[in-house]
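The next block holds one structure in the form of structure tokens; read it before the comments.
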Amino acid sequence: MLQLQVIRQNPQWVKERLAIKNFKELGLVDAIIASDEQRKKWQVEFDTTQAKINTASKEIGQLMAKGQKTEAEEKKKEVAALKEKLEPIKEQLATTESALHEKLVLLPNLPSEKVPAGKTSADNVIMREGGHKPELYSGAAPHWELAKKYDLIDFELGNKITGSGFPVYINKGAKLQRALIQYFLDHNIAAGYTEYQPPLMVNEMSAFGTGQLPDKEGQMYFATEDKYYLIPTAEVPVTNIYRDEILKETDLPLKMTAYTPCFRREAGSYGKDVRGLNRVHQFDKVEIVQLVHPEKSYDVLEEMVNHVEKLLQSLQLPYRILKLCGGDMSFASALTYDFEVYSAAQKKWLEVSSVSNFETFQTNRMKIRFKDSSGKTQLVHSLNGSSLALPRIVACLLENKQDAEGIKLPRSVHSYFGADKIN
RNA sequence: GGUGAGGUGGAUGAGUGGCUGAAAUCAACGGUUUGCUAAACCGUCGUACGACCUUAAAGUUGUACCGAGGGUUCGAAUCCCUCCCUCACCGCCA
């Protein structure tokens, strides 16, 4: 949620920024300012009337104490009249307040100055590439065939137990998954992140806090009886750890990491790119989240990108880093870098991480603030990224590392997996 | 699921209708003292949205907030209702 203050101070600039994000309803900005004016007007009305009531009520108490009953009764009538007057004011205030809020939550975050213009993923800017695309041997196969060949993942079985998009990992497939999670977590902890095991279901407030609601309820599984959402990413519970807190400046930066399964309905994406592990409803991911001083968030973003990059390099997979253009960025993000790894058998790039700076967009919703050195309370910046999402990493490891002998794992995971290859 | 007790500021905890936005203690912060540390002493110490004033900061001031939402009352942290949550015991159970 954008800060009202920013919109008020420079509506024109806000509109220009929103246009870069390919946001169409720029009229909302003016509507918000108008609602805000209305709100203020009604609040002044309400405050002054309520103040009169409060004063009169105190006077009644004093008159009663002195035994001046008639005067007290007079005052009571006065108050009754004021209260009648207050009723419609109260309603107007509530109406304008919720109208303002409703509009405010519809505005996406403003893209940072660094965001390239563009409408679709075709306009994203490739920052750099690393690793080498392998030459596959003639018998090479896509990961879903390899998964079958080496008895690693059973997609059909998941169908039976739950439905499509819920793969079952078996034997070395399960172990590989577990090994990678452990390795990723260790990598993060070594970089100063604190590990959390958060709830996998969250309430409405938490889902609102990170920006999933009110917009994307269709993407989350929802337990209607208890009104809990299954998390689409650990970002949601982990960032909400500090919701409604005022931190000390010395607490910052807060660095958190968590492994969790993630649940996504992926409504509307059937039929395309859903083969094997490319797109599933439940998958494992290790996430990193930081809450930082506003002046440092862009340095931290680079730091996080480098951190994820190192992890990818250690897996010896061909990757590239993209800076997302305005039109391809998520609702809440101010600047996002996507990481893609090259799937050698499918001959396409698969997204395995997305690292974003949200500036104050999330923290304004969650009210995560800190007291700065001058004693002023201000919002912290929040950032997060995957390090890493498992399925596509697994897919690429299988595909890219295959030869006639089996699948040769990168050195970094040998000790975690307990072997150097799958065969 | 049942029964009972509760939810007050960073923490503990007082407060059963007006003088309570909230005692006290602790923590935190600033200072004095001190060879250092500790102790002692003094001071500061909620949030949000407004208004006034100001270039701004500061300052003055209004309103709201004692789990959430309603209600009673001239007046609610305090009384009533609903919901949520916590704790204890019982039942069930990984």
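Lettering of chains follows the sequences in order, A, B, ..., and the numbering in each one begins at 1. Just so you know, these numbers come straight off a predicted model, no measurement behind them.
- Atom-to-atom, CZ of Arg243(A) to C1' of G67(B) comes out at 13 Å; the value is rounded to the nearest Å.
- One interatomic measurement links the two molecules: CZ of Phe46(A) to C1' of A51(B), which rounds to 15 Å at whole-angstrom precision.
- The interatomic distance linking Met205(A) (CE) with C85(B) (C1') rounds to 15 Å, in whole Å.
- Atom NZ in Lys90(A) sits about 15 Å away from atom P in U63(B), given to the nearest Å.
- Spacing between atom CD1 of Ile89(A) and atom P of C49(B) amounts to 22 Å, rounded to whole angstrom units.
- Here the separation of U82(B) from A40(B), taken at their P atoms, is 50 Å to the nearest Å.
- Judged by Watson-Crick or G-U wobble contacts below 3.5 Å, the nucleotide U54(B) has no partner.
- Within 4.0 Å (heavy atoms only), Ala51(A) reaches sugar-phosphate atoms of the nucleic acid but no base atom.
- Comparing A51(B), C49(B), U63(B) by their nearest atom to the side chain of Arg39(A) picks out C49(B).
- Set against C74(B), U63(B), A51(B), the side chain of Val44(A) has A51(B) as its closest nucleotide.
- Comparing the same atom, C1', in C53(B) and in C74(B) gives a spacing of 34 Å after rounding to whole Å.
- Between Arg369(A) and U47(B) there is no side-chain N or O to OP1 or OP2 distance below 4.0 Å.
- Between Lys83(A) and G75(B), a side-chain N or O to OP1/OP2 separation shorter than 4.0 Å is present.
- The pair Lys148(A)-Glu145(A) does not count as a salt bridge, with every side-chain nitrogen at least 4.0 angstrom from each carboxylate oxygen.
- For His414(A) (side chain) and Ala419(A) (main-chain N/O), no donor-acceptor pair under 3.5 Å exists by modelled atom type.
- In a base pair of the Watson-Crick type (N1 to N3 plus N6-O4 or O6-N4) or a G-U wobble (N1-O2 and O6-N3), with each distance short of 3.5 Å, G21(B) is matched with no nucleotide.
- Aromatic ring pairs are classed by plane angle as parallel below 30°, tilted from 30° to 60° and perpendicular above 60°; the pair His281(A) and Tyr221(A) is perpendicular.
- The separation between Lys41(A) atom NZ and G50(B) atom C1' is 15 Å, rounded to whole Å.
- We find that Glu405(A) and Lys421(A) are not joined by a salt bridge, their nearest charged nitrogen and carboxylate oxygen being 4.0 Å or further apart.
- Shown here, G75(B) forms no base pair; nothing in the strands shown gives a Watson-Crick or G-U wobble contact with both key distances under 3.5 Å.
- In terms of phosphate contacts, Lys371(A) brings a side-chain nitrogen or oxygen within less than 4.0 Å of OP1 or OP2 of U47(B).
- Residue-level contact check: Ile246(A) touches the backbone only, with heavy atoms under 4.0 Å from sugar-phosphate atoms and none from bases.
- A39(B): no Watson-Crick or G-U partner with both key distances under 3.5 Å is found in any strand.
- Distance noted for atom C1' between C84(B) and U25(B): 31 Å (whole Å).
- Rounded to whole Å, the separation between the C1' atoms of U16(B) and A27(B) comes to 30 Å.
- Judged by the 6.0 Å distance and 45° axis criteria, Lys114(A) is positioned over the aromatic ring of Tyr298(A).
- Look at the C1' atom in both A28(B) and U12(B): the space between them is 15 Å, to the nearest Å.
- Note: CG (Asp47(A)) to P (A64(B)) measures 8 Å, nearest angstrom.
- Of all nucleotides present, only G46(B) satisfies the Watson-Crick or G-U wobble test against C65(B), with each distance under 3.5 Å.
- In terms of position on RNA chain B, the residue among Lys248(A) and Leu4(A) whose nearest nucleotide sits closer to the 5' end is Lys248(A).
- Using N1 to N3 plus N6-O4 or O6-N4 for Watson-Crick, or N1-O2 and O6-N3 for G-U wobble, each under 3.5 Å, U3(B) pairs with A88(B).
- Using a 4.0 Å heavy-atom distance criterion, Lys376(A) is classed as making no nucleic acid contact.
- Between the C1' atom of C49(B) and the CD atom of Glu97(A) lies a distance of 8 Å, rounded to the nearest Å.
- Using cut-offs of 30° and 60° on the angle between ring planes, the pair Tyr183(A) and Tyr416(A) is tilted.
- Listed nucleotides C85(B), G50(B), U47(B) differ in distance to Tyr228(A); the shortest reach to its side chain belongs to C85(B).
- Comparing Lys58(A) and Gln50(A) against RNA chain B, the residue whose closest nucleotide sits nearer the 5' end is Lys58(A).
- Under the 6.0 Å cut-off for aromatic ring centres, Phe331(A) and Phe361(A) qualify, their centroids lying closer than that.
- Using a 4.0 Å cut-off, some side-chain N or O of Asn54(A) falls inside it from OP1 or OP2 of A64(B).
- For the C1' atoms, the distance from C45(B) to G21(B) is 14 Å, rounded to whole Å.
- Nucleotides G43(B) and A23(B), compared at atom P, are 15 Å apart to the nearest Å.
- Of the residues Thr336(A), Asp338(A), Asn384(A), the one that meets the side-chain hydrogen bond (donor to acceptor under 3.5 Å, both in side chains) test with Ser356(A) is Thr336(A).
- Base-pair partner of G10(B): C26(B) (Watson-Crick or G-U wobble, both distances under 3.5 Å).
- Pairing for U16(B) is absent, with no Watson-Crick or G-U wobble pair whose two atom distances lie under 3.5 Å.
- Base contact: Gln43(A) has a heavy atom under 4.0 Å from a base atom.
- Within the 4.0 Å cut-off from OP1 or OP2 of G50(B), at least one side-chain nitrogen or oxygen of Arg8(A) is found.
- When the C1' atom is used for both C26(B) and A14(B), the distance is 15 Å, rounded to whole Å.
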